[in-house]
**Q** 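My structure is below; once you've seen it, I'll send some questions.
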Amino acid sequence: MLAHLPILQVIVPLMAAPACLILSRPKLVWLFTLLVSTITFFISIFLLQQVMSTGTVSYELGGWSPPWGIEYRIDKLNAFIALIISGVSTVVLLAAQTSIEKEIPENKQTLFYILYLLSLTGMLGIVTTGDAFNVFVFLEISSLSAYSLIALGKDRRALWASFQYLIMGTIGATFILIGIGLMYQMTGTLNMVDLAARLPEVAETRTVTTAYVFFIIGVCLKLALFPLHFWLPNAYTYAPSIVTTFFAATSTKVAAYLLIRFTFSIFGVSFSFTTLPMETLFLALGLLGIFVASTVAIYQQNVKHVFAYSSVAQIGYMIVGFSMSTHAGLSAMLLHMFNHALMKGALFLALGAVMYRIGSTRIDDFRGLGRQMPLTMAAIVIGGLSLIGVPLTVGFVSKWYLVTAAIDKGWWPVAGLVLLGSLLAVVYVWRIVETAYFKTPITGKDPVKEAPMAFLLPVWMLVLANVYFGIDTRMTVEVATGAAQSLFGVAP
Amino acid sequence: MIIAATLAVLVVMILAIIRAVVGPSLYDRILAVNMFGTKTVLLIALLGFVMGRPEFLDIAMVYALINFVSVIGVLRLSDAFNAKHNGPVAEPAKRDS
Amino acid sequence: MRYKINLSIVLALFWLLNSGHYTYLILALGAVSIAIVVFITHRMDVVDHESQSINLSLTAPKFGIWLAKEIVVANLTVIKHIWLGNKSISPTVITVKASQKTDVGKVIYANSITLTPGTVALGLVGNEIMVHALIRENIEALESGDMDRRVSQLENS
Amino acid sequence: MFAVVMLAGIYGLVCASFFVAMDAVDVAFTEASIGAGISTLLMLTTVAMTGRTDHEATHKPLMAFVAVIVTGGLLIYGTFDMPYFGSADAPVHQHVGPHYIYDSIQEIGVPNMVTSVLASYRGFDTFGEVTVIFTAGIGVLALLSVARRPEDDAVMEAINDSMHEKHLILRIVIKTMIPFIVLYAFYVQFHGDYGPGGGFQAGVIFAAGIILYAMLFGLGAARRVITQPVVQMLSALGVLVYGSVGLVSMLNGGSFLDYNVLAADPIAGQHLGILLIELGVGLTVASVMIIIFYSFVGRSQFQKANKGELL
Amino acid sequence: MTMILGLYNYWIVIVLMMIGFYIIIAHGHLIKKIVGLNIFQISVFIFYISLGKVDGGTAPIWQEGIILYSNPLPHVLILTAIVVGIATTALGLALTVRIKEAYGSVNEDEIQAMDNQVMASQEKEPQQC
Amino acid sequence: MDTVLTLLSSFCLLFGSFLCLSGGVGILRFPDFYTRMHAVGVTDTLAAAMILIGLMLQNPDLLVIIKLMMILLMTLFISPAASHALGQAAVLNKLQPLINMNINPLEEDTSAGDKSSKS
């Protein structure tokens with residue numbers, strides 16, 4: 001059975017989803033979903049171990065050898081991302097039942113869990129597959145479930161946000177489809193390894209350049225890279241808390257993964273960064289993203305909005321790491337992907353707890369929460385510190401690697417700008433802290449109780465992970481640098 | 001001959017599109033679309049012969065079917081619209097014979 | 001029950017004619033499919049005398065041939081008027097009586113009217129069919145009651 | 001709005017004819033039933049539910065125009081180095097494709113190469129596709145499902161009864177046709193190996209039959225024939241059937257979806273596998289299409305009941 | 001000249017694609033946006049299918065005596081993509097219906113204006129929820 | 001025998017094409033919806049039948065002939081129902097037919113709309 005792990009990781013949640021429909025009782029379904037997610041989590045741990053020790057694992061679906069059949073191919077990079085996804089999903093699900101019971105009508109709860117599982121399936125499928133078209137199919141599974149999950153939010157604006165996301169997401173997916181089509185046209189293959197082997201022959205053609213550009217634009221739409229980000233804040237803000245947490249922690253990682261996979265493994269560094277001016281372009285977009293989004297975040301009235309814009313800014317950091325096209329830069333990016341998942345997971349889940357208690361995440365409603373919900377607010381503070389990049393948190397680790405990578409590359413101003421960006425984060429995090437701890441609560445309001453255990457446990461798990469991986473960086477750094485190394489070495 | 005027939009059908013399809021665009025009433029459009037659909041059935045049948053593989057007539061049958069379903073769908077839905085301001089049925093003139 | 005058996009036979013014929021592949025597997029699948037179809041249609045309650053309007057009697061082919069002839073003639077008339085232009089047409093709406101007893105008969109009558117170009121059945125209420133005709137002559141042909149009589153014959157047989 | 005939607009439907013039809021001309025018979029089949037049929041119908045339903053008035057000014061045309069010109073220009077630029085249309089020495093016809101064309105008949109034994117590739121070589125893509133459809137069904141259900149109130153059903157039924165009288169001709173014609181449509185769906189389902197067709201097309205045709213019934217006899221009647229819980233179960237069952245074929249082949253010692261191990265003889269195994277997964281596809285597609293249709297129409301009846309204006 | 005003859009097909013597809021793309025971006029009506037999306041996607045499908053065509057080839061269904069077939073792989077991909085397309089369309093339309101219920105409008109600008117209004121009112125009177 | 005078949009088939013196809021084209025012209029030329037329905041009726045019945053019969057004569061394969069027959073039957077079965085439904089819907093929604101005034105003085109008031117003046 002061990003040989004089947006790569007596929008099991010995807011089909012376990014996939015097959016669990018329709019099975020949920022048969023179970024149908026929400027509470028039962030929740031337990032089942034949690035169980036499934038835990039199983040995937042363990043599978044991804046096994047896989048990561050396996051990949052770290054023995055190298056890339058390949059799995060031939062249907063027993064057809066690669067260029068003809070579909071191949072699953074696990075290397076360090078995607079094992080790492082899959083671990084992030086399944087891990088976050090499992091932790092988030094711990095709190096799901098409590099939160100969902102309050103935010104979603106009962107007759108839709110089962111459907112919620114099914115969609116959640118499908119979304120998980122989609123993301124894991126994108127990450128593990130070694131076939132370009134299969135990426136598109138799973139991308140659509142994850143996107144379609146994402147649209148519906150976001151639309152389940154209570155606020156009517158959730159619908160509009162979801163619609164906008166649907167339009168942008170579909171345009172993005174279609175662009176990706178065009179990109180894949182052009183690549184296919186020039187090489188006649190869809191398998192990633194095969195593509196990587198055959199693309200250099202035709203790399204000079206204008207068609208391949210176009211293919212790359214389309215693919216990148218499509219991915220950047222999904223990634224919510226700075227000028228294409230406008231669907232993200234509202235989608236995150238009005239979605240149910242659990243959904244926000246899950247997506248904030250994972251979905252942009254998946255898009256970032258695609259960006260890395262296609263740029264480094266398929267087109268190759270030399271093509272992407274020497275034939276095309278991707279370096280400057282991505283650097284500019286990344287930095288602009290950091291500053292504009294952070295600045296906008298400062299002026300937001302809704303804490304979810306604040307952190308959503310902060311996510312856009314964090315994507316900027318990742319892209320800055322990406323644009324360096326060096327081993328160190330890429331490691332920093334991968335580290336930040338992991339770390340960002342931890343901090344955004346903690347923050348949004350804590351916000352979910354706030355939502356659970358006071359039914360709103362507007363900043364004015366945070367007054368006095370510091371005393372009323374001490375544990376939740378403490379989690380937000382630590383998460384915020386991590387976002388800023390204070391030492392002893394994961395945020396520091398990734399900023400450190402990013403800055404050193406920039407210096408290695410000789411980009412001093414970039415290093416400075418990255419640090420400057422952190423200052424903006426200080427401002428928006430401080431606003432929340434100030435409101436929660438130093439402003440008097442609105443009089444006449446019922447005192448708010450601390451969040452229930454179901455929230456505190458996963459929130460603090462994530463917060464402690466924030467601190468733990470901020471101190472003990474061996475595992476994450478090893479994996480991230482290993483993955484980066486394999487990308488700069490031969491194609492996977 | 002088959003080519004000629006194909007061309008004729010194509011021309012008629014274009015004429016139908018013109019009517020569908022021009023209108024003027026909703027029913028003219030539906031009529032044109034319906035006609036377009038039935039002509040597509042013929043076109044597919046002809047195309048199969050043009051391509052030298054006439055076995056694929058199943059597609060044409062599905063076309064006929066789907067076309068019918070859509071026309072009925074359109075009518076049902078337009079019924080739903082107009083039913084609100086629906087007066088008595090226009091009386092036909094009765095002729096003594 | 002009789003209708004269901006009839007339906008099954010017709011469906012089996014339909015399958016065999018369409019299929020073109022007569023392996024055991026396909027035939028068995030066909031049999032299962034027919035069973036499912038009959039079950040579904042039973043649930044839909046659409047298997048009754050109305051759905052089996054085509055009686056395979058001797059008059060049916062005769063009617064078919066007559067109708068085909070009518071259709072050809074009518075087509076030519078309409079074509080003539082298409083090319084002659086709008087001046088030559090005299091659109092009319094009238095109501096004709098349908099003397100058939102059953103709904104099915106009326107429907108066959110109305111459809112036959114529609115099938116012959118130049119006349120379109122616009123409405124069927126009670127036993128009156130509202131007909132729109134392209135030219136006056138068409139109406140006269142209809143009012144002579146030839147078609148009505150033939151459909152009635154078909155019904156009675 | 002009606003015109004816009006219908007023109008979109010026409011576009012679907014034109015494209016489908018084009019697909020036939022391009023030898024893509026299976027695609028044409030699907031596009032005809034899905035693109036031109038179901039999606040047009042859904043759009044019309046939505047138009048009916050949202051009102052067809054169209055008081056809007058086209059806004060930001062300049063920005064859109066620029067975006068379009070840039071993207072289109074880029075694409076045109078990309079075409080310059082493409083192999084010419086139809087040329088046989090394009091990479092596409094050199095590398096992977098020939099294997100499917102020349103070896104699939106030995107390896108799988110199914111004349112329709114599209115079915116071979118779809119169900120076997122790239123069977124996992126198809127599994128993903130079934131999941132996509134399932135996701136859409138669940139998504140639509142999550143968005144539109146409403147608690148049914150029996151009194152609304154009764155009112156709707158009365159309305160539908162009056163419809164029957166009004167549509168005598170349609171009623172009889174459709175009654176006669178429905179068994180054939182449904183049987184035809186099965187025919188398409190089981191002849192996908194030999195000609196164009198297969199699970200998707202069959203599913204859609206089956207759903208079209210049910211939709212036709214529902215349109216004439218009312219949603220309530222259709223829901224009595226195929227109840228909502230049943231159709232939901234079936235949609236799940238389809239995905240499970242597909243997945244189980246994969247799991248069984250895994251247990252038999254092959255990899256996921258390796259049909260060779262399903263029977264003693266690989267060709268027989270492939271046949272069995274393809275038959276079963278096509279069944280799974282058909283089940284899911286049909287039931288999801290029905291779910292979607294039920295949800296839309298159910299919602300519109302709910303809206304009307306809420307507004308107090310029933311048709 | 002050979003270039004025009006060899007590539008005209010793609011150019012037509014691109015023009016169609018861009019029409020769809022334009023409709024998506026430029027039109028404020030939600031259903032029109034979805035129609036645009038449909039046109040855009042179908043055009044991409046045509047593009048794929050054109051890739052698979054071989055001059056003189058026929059439909060990839062094996063038959064005694066025929067040697068030249070068109071490439072079946074793009075057909076398979078597009079079958080998948082068509083299904084994905086209808087899934088997206090269905091979901092988009094379902095969302096449109098819900099938006100109409102919630103906002104009373106299916107016009108992008110109006111909806112955006114309503115949202116902005118809500119936001120603005122919240123900023124002015126922070127006490128209100 | 002073969003030449004006879006080819007000739008017959010060519011005749012059928014050509015005649016069908018002519019009918020089809022005439023129908024197409026009709027749908028553009030006729031003055032109102034109801035009259036246009038007749039033009040469509042032409043293309044749906046005899047034109048379709050002629051083209052399909054022409055095709056049948058071209059092909060000796062029995063299965064193909066059967067399928068073509070099925071298509072023909074289906075067209076003949078469906079098209080009157082569709083036309084009728086369309087016409088009925090138009091009548092129910094009070095789309096006034098253009099009626100020759102000489103015959104129907106009763107209908108004068110309804111047909112005196114702007115449409116009749118165009119014709």
Side-chain angles (χ1 to χ4, degrees), chain C residues 3-4 6-8 10-21 23 25-54 98 102-114 121-127 129, chain D residues 110-112 164-195 197 202 205-207 209-210 212-214 216-218 221-227 230-231 234 268 271-272 274-276 278-279 282-283 286 290:
Chain C
Y3 299 117
K4 268 164 216 149
N6 278 351
L7 179 68
S8 310
V10 176
L11 287 178
L13 265 175
F14 180 76
W15 179 280
L16 289 174
L17 283 176
N18 260 316
S19 170
H21 292 272
T23 58
L25 179 71
I26 296 278
L27 288 178
L29 288 171
V32 174
S33 311
I34 289 169
I36 297 173
V37 173
V38 172
F39 173 70
I40 292 174
T41 42
H42 165 70
R43 280 186 71 105
M44 282 178 168
D45 197 22
V46 293
V47 197
D48 51 25
H49 65 281
E50 285 187 348
S51 65
Q52 293 176 7
S53 45
I54 306 149
T102 58
D103 282 351
V104 181
K106 286 176 209 155
V107 169
I108 294 178
Y109 184 36
N111 272 359
S112 306
I113 292 174
T114 315
L122 293 180
L124 171 56
V125 183
N127 58 357
I129 301 175
Chain D
V110 165
N112 188 351
H164 292 187
E165 289 311 308
K166 211 163 78 180
H167 293 300
L168 182 65
I169 293 180
L170 278 184
R171 191 183 83 206
I172 287 177
V173 169
I174 288 177
K175 259 185 166 181
T176 320
M177 275 181 64
I178 279 179
F180 293 96
I181 296 175
V182 178
L183 186 71
Y184 191 67
F186 282 104
Y187 159 76
V188 171
Q189 168 86 46
F190 295 124
H191 287 75
D193 291 2
Y194 308 104
I205 296 170
F206 186 90
I210 305 292
L212 199 56
Y213 180 76
L216 211 75
F217 294 83
R223 271 188 166 146
R224 270 197 301 280
V225 176
I226 299 182
T227 58
V230 164
V231 77
L234 285 179
H271 269 291
L272 182 63
I274 290 175
L275 185 72
L276 287 174
E278 290 273 19
L279 204 61
L283 267 179
I290 296 171

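Keep in mind that the numbers below use all heavy atoms, side chains included, and drop hydrogens, waters and symmetry copies. Throughout, a chain's letter reflects where its sequence line sits, starting with A, and its residues are numbered from 1.
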**Q** Which value, rounded to the nearest 0.5 Å, describes the distance between C/M44 atom CE and D/I178 atom CD1?
**A** 4.5 Å

**Q** Taking every heavy-atom pair that is under 4.5 Å apart, which of D/A185, D/P179, D/G209, D/A222 has the most such pairs with chain C?
**A** D/P179

**Q** Is there a donor-acceptor pair under 3.5 Å between the side chain of C/R43 and the backbone N or O of D/R224?
**A** yes

**Q** Check for a donor-acceptor pair, side chain of D/N112 on one end and backbone N or O of D/Y194 on the other, with a separation under 3.5 Å.
**A** no

**Q** Output the option from C/V37, C/V10, C/I36 having the highest count of non-hydrogen pairs under 4.5 Å with chain D.
**A** C/V37

**Q** Using the ring centroid of each side chain, check whether D/Y184 and D/F180 are separated by less than 6.0 Å.
**A** no

**Q** Taking every heavy-atom pair that is under 4.5 Å apart, which of C/N18, C/L29, C/I34, C/T41 has the most such pairs with chain D?
**A** C/L29

**Q** Heavy atoms only, distances under 4.5 angstrom: which of D/V173, D/I174, D/V182 has the most pairs with chain C? Name it, please.
**A** D/V182

